[in-house]
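Reading through the structure tokens given below for one structure.
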There are 2 protein chains.
Amino acid sequence: MSVPLPAETSTDDIGTRLKLVRQIFGLTQRELARRAGVTNGAISLIEQNRVSPSISSLKKILDGIPLTLADFFTLDFSPSDEVFFTAAELTEIAYQPEMSMRLVGRKAKGRALGMLRETYQPGADTGDTMLRHEGEECGIIVSGSLTVTVGVQERVLNPGDAYYFRSDIPHRFRNQGEEPCVLISANSPPTF
Amino acid sequence: MSVPLPAETSTDDIGTRLKLVRQIFGLTQRELARRAGVTNGAISLIEQNRVSPSISSLKKILDGIPLTLADFFTLDFSPSDEVFFTAAELTEIAYQPEMSMRLVGRKAKGRALGMLRETYQPGADTGDTMLRHEGEECGIIVSGSLTVTVGVQERVLNPGDAYYFRSDIPHRFRNQGEEPCVLISANSPPTF
DNA sequence: TCCTTGCGTTTAGTATTTTCAACAATTTAC
DNA sequence: GTAAATTGTTGAAAATACTAAACGCAAGGA
């Protein structure tokens with residue numbers, strides 16, 4: 001993984017936009033072509049902006065992701081700056097000598113979150129068919145380290161580090177370290 | 001005017017969707033073609049769903065309206081049932097013997113509106129280059145009658161009748177009666 | 001090293017869309 | 001009423017998009 005950070009895509013740069021979306025969902029041109037029922041060559045040409053696809057083709061392709069035309073033109077796929085936070089970037093919201101509440105991402109912007117304590121043994125992996133579901137998702141590493149992939153971004157998170165992202169962006173968790181990893185995670189709407 | 005009520009358009013019925021949008025903005029195929037720099041034949045074929053336009057063509061066409069691709073696929077152009085209300089359909093929210101407050105459209109759904117008293121002399125007309133601006137707009141007829149056109153819909157409103165619509169849908173007011181028309185109107189965000 | 005596999009790209013041919021021009025139907029003007 | 005103008009539609013030619021197959025390249029595995 002570890003794709004270079006993509007720039008913002010304008011509405012009329014369909015090629016870059018499609019490529020970005022495809023990469024975010026972890027698909028190759030051939031795999032997407034297979035799902036969509038078009039040829040990989042067509043996708044290649046579109047992504048290079050050497051042709052302007054017909055609506056019917058574009059729709060077929062997006063159906064393979066899947067993504068609606070409206071979402072394709074509406075959504076902002078540029079990675080948010082606020083996906084990752086270092087331990088130092090967490091907001092202390094209630095400090096007492098025996099306890100500390102540190103909030104991920106400045107302020108809880110009216111989000112209703114359920115919270116979990118998870119343990120990943122060394123080698124544990126949610127798999128490379130990346131997870132994807134409704135809602136938002138948030139977590140903080142307690143001990144050990146965890147490799148987290150969110151769309152095109154990937155980071156190894158260490159104790160105190162955290163993540164926050166929309167769950168409909170494909171994501172994956174792996175413990176590539178040698179000790180168990182404990183993290184506190186939260187999701188919305190609460191699924192557990 | 002007085003176009004038959006169009007049905008809801010699905011995302012993949014591009015033809016009907018384009019036709020509806022074009023009619024809402026009061027353009028002929030030829031006029032839109034001229035603005036967009038395509039031929040009228042192309043628009044005709046697209047509207048009949050006999051071809052699936054390329055993104056570049058569709059974008060050129062929408063630029064002639066103008067409308068973004070995102071808006072085209074996102075916006076719900078089907079006329080809301082809640083555009084027009086008869087006097088009897090207004091919601092009485094605070095009745096006292098000496099005063100009555102009647103609300104247009106069930107409930108104020110968190111909308112911030114500015115309000116005006118307008119008078120249209122007989123023959124007055126906001127013109128057929130239809131008005132279009134951000135925000136929402138609302139009004140109620142006090143005396144006289146007023147012909148109001150909103151997108152594809154047109155109605156002659158009499159005292160007590162009212163309207164409520166999004167201001168980015170083209171609209172027009174005309175007094176085709178023989179006495180002055182007084183109405184109370186409101187808009188958001190307040191522009192006066 | 002060699003072979004295999006999988007990636008994005010390219011090319012030539014086919015399929016589709018778009019233009020251009022003419023058409024029929026309706027409206028506007030005289 | 002007729003003529004002129006305007007509307008949406010259509011057919012053949014030109015332009016463009018899509019397919020199928022091959023290419024070059026890089027990464028693993030014997």
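When reading the values below, keep in mind they use all heavy atoms of this one structure, side chains included, and skip hydrogens, waters and symmetry mates. From a predicted model like this one, the values you see are computed outputs, not experimental measurements. Here is how names work: the chains are called A, B, and so on, in the same order as the sequence lines, proteins then strands, and each is numbered from 1.
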Mind checking side chain to side chain contact (heavy atoms under 4.5 Å, CB included) for [X] and listing every partner two or more places apart, or none if nothing turns up?
X        : value
B:Thr28  : B:Arg30, B:Glu31
B:Thr147 : B:Glu154, B:Val156, B:Arg174, B:Gln176
B:Ala42  : B:Thr39
A:Val51  : A:Leu45, A:Ile46

Measure the distance from [atom1] on [X] to [atom2] on [N] and round it to the nearest whole Å.
X       : N      : atom1 : atom2 : value
A:Arg34 : D:dT19 : CZ    : C1'   : 18 Å
B:Leu58 : D:dA17 : CG    : P     : 14 Å
B:Gln23 : D:dG8  : CD    : C1'   : 12 Å
A:Ile55 : D:dC18 : CD1   : C1'   : 16 Å

Checklist entry - If you look at every heavy atom in A:Lys60 and A:Ala36, which pair is closest and at what distance? => result O-CB, 3.3 Å
Checklist entry - salt bridge (Lys or Arg N to Asp or Glu O under 4.0 Å): which pairs involve residues 36-46 of chain B, sequence neighbours left out? => result none
Checklist entry - How does each nucleotide of nucleotides 5-17 of chain C score, in 5' to 3' order, for protein heavy atoms under 4.0 Å: base (B), sugar-phosphate only (S), or none (-)? => result --BBBB------S
